[in-house]
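Worksheet for the structure shown next.
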Amino acid sequence: MKVLSLVVPCYNEEQSLPYFYDEIVRIAGILTEVEFEILLVDDGSKDKTLEVMRGLHEKDERVKYISFSRNFGKEAAMYAGLMNVTGDYAAIIDADLQHPPELLIEMYHGIVEEHYDSVAARRVTREGEPKLRSFFSRCFYRLLNRISKVEIVDGSVDYRLMTRQMVNAVLSMSEKNRFTKGIFAWVGFKTKWVEFKNVERVAGETKWSFWKLFLYSLEGIIGFSTAPLAIASFLGLAFCGISFLAILVIVMKTLIWGDPTTGWPSLACIILMVSGVQLFCMGILGQYLGKMYVETKNRPVYLIREAQTKNLDLDPDGYQKRQEP
Ligand code: UDP
Ligand code: MG
């Protein structure tokens, strides 16, 4: 029997986990042709999430868990989850039931019957989300799709079922600054999209502030496009052109009308503006440099403090190693 693994990043989800578990058990009862493996990844929660996980593991041996030494972020949790699942298929799904578990059935059939490599979910409404946030989010995707080679579908969420082949492809991208939506798009493979309506989380509250989302969007842009680096060259050229024209005008004015150009305020403004542009461009360089700095330090993406998974210990290369006797 084939195994379908679920990777569930959890950060302070003590309230939603029991609901989530019940739903998954219900779906597993419908999808009886595969065996389920549920890997809960505790991303350094500050509440009783880990205790809830231990309880679920005691009750049901299909439930396994990994607990981080601190909060490493959802990206790290998804990576750790994919690293440690053993399934022939693996899905990433949120613990707050905002990713409807019923979709798993459709996703599974998309892979098994229609032979897609992955089936991903796409939100078609953004109800219940602040208007301003939806607006910025749309702008971000439009911008990213324009300036990078990867195509990220608007409304796509981190909810998808993949074959083992695609999971391994995703894992082969071992970058430290992870932007999973970009990684999914980058690895390619045949993806089917299923749509769903936004639902409110079942319990608890969102962990994403506007600022966190903003930093995450920078991760996406810097990780998947080098277009911002070109901005400096374009601006530099543009300013050269403008100054050349300005010099021409001043020389002509002096020669024709004998007009001694006056006015330090205009000069001060120009200096301010040009130095502003220079700083801005240096800032862009700095962003790339900073990411490179993080990559070269080669620190682990996550650290496990406690794990309860069937046949692997604290081994980040678990799946690959187990394949060899
Ligand atoms: N999450 C996580 N680490 C974090 C923040 C969030 O593992 O640092 C998990 C969280 O427990 C949930 C999923 O990522 O299962 C999505 O988070 P959330 O529901 O807060 O985001 P939203 O749905 O509001 O975008
Ligand atoms: Mg949520």
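Counting convention: from 1, in listed order, for ligands and their atoms alike.
- Tyr108 and Glu113 share no side-chain donor-acceptor pair at under 3.5 Å.
- Listed by number with element, the atoms of ligand 1 under 4.0 Å from a non-hydrogen atom of Cys10 are 7 (O), 11 (O).
- Atom 24 (O) of ligand 1 has its closest protein heavy atom at Thr206 OG1, 2.6 Å.
- Considering backbone and side-chain N/O of Ala95, one or more are found under 3.5 Å from N/O of ligand 1.
- Nearest protein neighbour of atom 15 (O) of ligand 1, counting heavy atoms only, is Pro9 O, 2.7 Å.
- Within ligand 1, counting atoms from 1 as listed, the ones closer than 4.0 Å to a heavy atom of Gln98 are 19 (O), 22 (P), 23 (O).
- Ring centers of Phe210 and Phe136: under 6.0 Å apart, within the cut-off.
- Those atoms of ligand 1 with a heavy atom of Asp96 less than 4.0 angstrom away are 19 (O), 23 (O).
- Among protein heavy atoms, atom 11 (O) of ligand 1 sits closest to Glu13 OE2, 2.6 Å.
- The CG atom of Asp117 lies 5.0 Å from the OG1 atom of Thr163; values are rounded to the nearest 0.5 Å.
- For Asp60 and Tyr21, the side-chain atoms include at least one donor-acceptor pair closer than 3.5 Å.
- Side-chain atoms of Lys46 and Asn12 form no donor-acceptor pair, as typed in the model, at a separation below 3.5 Å.
- For the pair Arg133 and Phe135, the cation does not sit on the ring face, since its NZ or CZ is not both under 6.0 Å from the ring centre and inside 45° of the axis.
- At the shortest separation from atom 3 (N) of ligand 1 among protein heavy atoms lies Asp43 OD2, 2.6 Å.
- Below 30°, between 30° and 60°, or above 60°: for Tyr159 and Phe196 the angle between ring planes is above 60°, a perpendicular geometry.
- With values rounded to the nearest 0.5 angstrom, Phe20 atom CZ is found 7.0 Å from Ile38 atom CD1.
- Side-chain N/O atoms of Tyr79 and Lys74 include no donor and acceptor closer than 3.5 Å.
- At a threshold of 2.8 Å, the Mg ion (ligand 2) has a backbone or side-chain N, O or S atom of Asp96 nearer than that distance.
- Side-chain atoms of Glu13 and Ser45 include no donor-acceptor pair closer than 3.5 Å.
- The protein heavy-atom contact nearest to atom 1 (N) of ligand 1 is Tyr11 CB, 3.8 Å.
- Of all atoms in ligand 1, numbered sequentially from 1 with element shown, those under 4.0 Å from a heavy atom of Gly73 are 3 (N), 8 (O).
- Counting heavy atoms under 4.0 Å from ligand 1, residue Asn71 touches it through the side chain alone.
- Atom 16 (C) of ligand 1 has as its closest protein heavy atom Asp94 OD2, 3.1 Å.
- If you check which protein heavy atom lies closest to atom 5 (C) of ligand 1, you get Lys207 CB, 3.7 Å.
- The nearest heavy-atom contact from the protein to atom 18 (P) of ligand 1 is Arg201 NH2, 3.4 Å.
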